[in-house]
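Presented below is the structure to which this report refers.
Note that the coordinates shown come from a computational prediction; the quantities given were computed from them, not determined experimentally. Note on naming: letters A, B, ... go to the chains in the order of the sequence lines (proteins, then strands), and numbering restarts at 1 for each one.
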Amino acid sequence: MKPELAALISEALEQLVSQGVLAEVPDTAPQIDRPKDPSHGDLSCNIAMVLAKRVGMAPSELASQLIAALPANELVDRCDIAGPGFINFFINSSRHTEVVRTILEAGAAYGRSDAGGGRRVQVEFVSANPTGPLHVGHGRGAAIGDSLGRLLEATGWSVQREFYYNDAGQQINNLALSVQARALGKNPDHPDWPADGYRGGYIEDVASAYLSGETVLAADRKITGGGDPKDLDAIQDFAVACLRREQDQDLKAFQVVFDEYFLESSLYGSGAVEKTVETLQQAGHTYEEQDALWLRTTDFGDDKDRVMRKSEGGYTYFVPDVAYHHNKWQRGYERVINEQGADHHSTITRVRAGLQGLDVGIPEGWPEYVLHQMVTVMREGAEVKLSKRAGSYVTLRDLIDWVGCDATRYFLVARAPTSQLTFDVDLALARSNENPVYYIQYAHARCASVLRKARETDPGLEVAEGLAHLGYLSEAETLALAITLGRFPEVVATAAERLEPHDVANYLRDLAADFHSFYNAHKVLEGSPETMKARLALVAATQEVIASGLELLGVSAPDAM
RNA sequence: GCGGAAUUAGCUCAGCUGGAUAGAGCGUCGGUCUACGAAACCGAAGGUCGCAGGUUCGACUCCUGCAUUCCGCGCCA
């Protein structure tokens with residue numbers, strides 16, 4: 001509807017040029033907005049105010065000339081000039097209800113587009129170290145990242161979901177040492193407990209599983225506990241497998257599926273890390289100082305240079321990070337989106353700097369990042385800080401156990417990633433208006449219920465019959481619902497462009513509210529057969545859109561609750 | 001100290017990349033079921049959009065300071 005109106009306005013502008021009112025057609029495309037206040041029409045345009053000064057006319061004068069020059073059309077019922085010079089357009093109400101036809105014909109495809117043109121995009125998210133269970137922050141990353149993937153798929157991108165497994169380096173070493181200490185019967189308060197050891201209760205579970213020779217199946221391999229507390233390598237392999245299995249189970253319970261788990265260790269095995277260092281050296285961006293090898297990241301916007309190879313010989317974490325992202329580039333991902341916790345934001349500059357330093361034609365802003373802020377968990381009015389199992393943090397599993405997958409996903413994705421999130425467990429459990437998950441799902445269940453009821457009395461019912469009677473949809477609540485249904489494609493497109501899945505959550509809240517209002521104001525299964533059929537079609541369309549929207553968030557759309 | 005994010009109703013948050021009288025839910029107050037599902041609806045009260053400047057026809061939105069909160073700031077990952 002917007003492009004259609006914009007085209008009409010452009011024509012009017014050309015008309016004014018040919019009449020000599022305007023000297024030339026402005027280079028800026030007319031901007032069309034949806035006013036908040038219904039009395040301001042369905043769509044409005046600010047072009048008269050934007051051009052007024054340049055043209056030397058009063059905005060209202062220009063606006064009325066524009067309206068006069070508007071070509072004949074069936075879209076606009078009437079238009080007003082209001083406020084400082086807005087042109088408000090009232091759209092023919094039949095255009096609003098036509099969306100029902102569009103939706104029922106398109107089905108699940110309604111709202112989707114091919115804006116991405118099938119281009120490939122990789123979304124990397126979660127990427128937790130296999131040193132403990134996933135915590136709520138990982139949960140937020142999982143909810144946002146997966147939803148981003150769904151949004152990009154819905155807008156025509158070919159999406160690959162990737163999890164980077166940090167299975168090399170110091171943290172894994174600490175994990176092995178911690179498990180070993182437990183296997184030797186020490187607890188975290190023991191004087192010989194490793195300095196940076198992991199203290200959570202899960203370490204003890206891993207240790208006893210190792211000692212008893214348990215076999216775990218993680219990803220593509222099977223590994224059995226060796227039982228020897230002195231064999232650190234065996235302990236490490238076993239511990240990583242255990243924690244990876246646990247994370248896999250959590251992700252499965254969270255309905256998140258990855259296409260690829262990329263192992264950091266493979267970058268060492270393939271020589272990619274060495275190669276990265278060589279490339280950076282050859283490109284002349286490195287220097288040696290105090291026995292260490294440095295990368296001049298300040299050449300690429302960093303505030304200080306970074307060490308690549310430590311004086312004692314090992315590489316810092318950021319070298320494999322650069323190697324990893326180079327690998328992504330080599331795999332042909334011209335677009336990569338990394339979803340991470342905001343506490344890692346300082347790595348962005350470093351990774352991009354390293355990639356620039358490789359001098360292989362990677363664009364400056366590559367890869368893109370979506371950072372989410374911290375999550376705190378509230379329960380019974382108090383902040384929850386400890387998980388029985390993990391010790392120092394609340395796990396994703398805790399949330400799923402407390403409130404279920406749907407509510408957890410919804411709450412973690414419904415807020416802008418940039419804002420800190422307070423996860424209120426009691427709210428997520430509430431079965432009322434105050435809980436948006438149930439509010440939206442309830443709207444869906446109501447749609448299903450009405451349609452069920454209609455089919456009970458008329459088993460041969462075809463909702464499409466209502467399409468012949470859309471003219472019967474005329475009341476304020478009914479039109480408001482239809483208008484909101486019509487916004488869905490824009491919402492999906494914008495949310496995908498801006499990488500903000502919470503737009504979809506907000507939209508669904510609005511849509512559910514409009515549906516509940518309609519439902520309370522007008523009986524669907526009463527009145528003339530034409531009205532009833534038309535309303536049933538509207539209900540079916542609403543059900544379709546709610547289901548599609550929830551799907552984008554990874555939340556289920558139940559027919560009954 | 002440096003960098004990032006945030007600051008909007010009593011609470012939790014939106015605010016469509018600069019538009020008109022800043023919106024929801026909860027909470028408070030008052031209404032609506034012999035029921036197409038009340039897990040719902042309708043109405044009322046509630047705001048100097050952290051503070052001060054600037055940019056312009058117009059600023060919650062952009063710019064500059066300041067304040068406060070959170071997160072980073074290692075030859076850890």
Looking across every strand, which nucleic acid part, if any, lies under 4.0 Å from [X] by heavy atom: base, sugar-phosphate, or nothing?
X: Ala414(A); answer: nothing
X: Phe318(A); answer: nothing
X: Lys523(A); answer: base
X: Ala52(A); answer: nothing
X: Ser44(A); answer: base
X: Ser311(A); answer: base
X: Asn46(A); answer: base
X: Thr422(A); answer: sugar-phosphate
X: Asn88(A); answer: base
X: Ala445(A); answer: base
X: His40(A); answer: base
X: Ala454(A); answer: nothing
X: His522(A); answer: base

Kindly confirm whether the side-chain ring of [X] is stacked on the base of [N], judged by centres under 5.5 Å and planes under 30°.
X: Tyr439(A); N: G25(B); answer: no
X: Tyr519(A); N: C41(B); answer: no
X: His344(A); N: G72(B); answer: no

Cation-aromatic face contact Arg379(A)/Trp402(A), 6.0 Å, 45 degrees: yes
Ring-face cation contact, Tyr472(A) with Arg535(A), 6.0 Å cut, 45° max: no
Within 6.0 Å of CD in Glu462(A), more than 12 heavy atoms from elsewhere: no
Glu289(A) CD: over 12 foreign heavy atoms closer than 6.0 Å: yes
Listed partners of Asp458(A) passing salt bridge (charged side-chain N to carboxylate O under 4.0 Å, His left out), at least two apart: none
Atom pair distance, as rounded to whole Å: [atom1] in [X] and [atom2] in [N]:
X: Asp343(A); N: G74(B); atom1: CG; atom2: P; result: 14 Å
X: Leu371(A); N: G4(B); atom1: CG; atom2: P; result: 12 Å
X: His516(A); N: G25(B); atom1: NE2; atom2: P; result: 12 Å

Taking the same atom, [atom1], in [N] and in [M], what whole-Å distance lies between them?
N: G19(B); M: G31(B); atom1: P; answer: 41 Å
N: U61(B); M: U55(B); atom1: C1'; answer: 13 Å
N: C57(B); M: C66(B); atom1: C1'; answer: 30 Å
N: G10(B); M: A5(B); atom1: P; answer: 28 Å

Within residues 487-504 of chain A, residues whose heavy atoms come under 4.0 Å of RNA chain B: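 Heavy-atom cutoff 4.0 Å gives Arg498(A), His502(A), Asp503(A).
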No-H, no-angle donor-acceptor pair, Ser346(A) side chain to G3(B) base, under 3.5 Å: no
Whether Tyr369(A) and His325(A) hold their rings parallel, tilted or perpendicular, with breakpoints at 30° and 60°: tilted
From CA spacing to verdict: ring-ring contact (aromatic ring centres under 6.0 Å, His included), Phe163(A), Phe262(A): CA-CA 6 Å; Phe163(A) 187 127; Phe262(A) 193 98; over 10 Å; no
side-chain N/O Ser419(A) vs A6(B) OP1/OP2, d < 4.0 Å: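 For A6(B), neither OP1 nor OP2 has a side-chain N or O of Ser419(A) closer than 4.0 Å.
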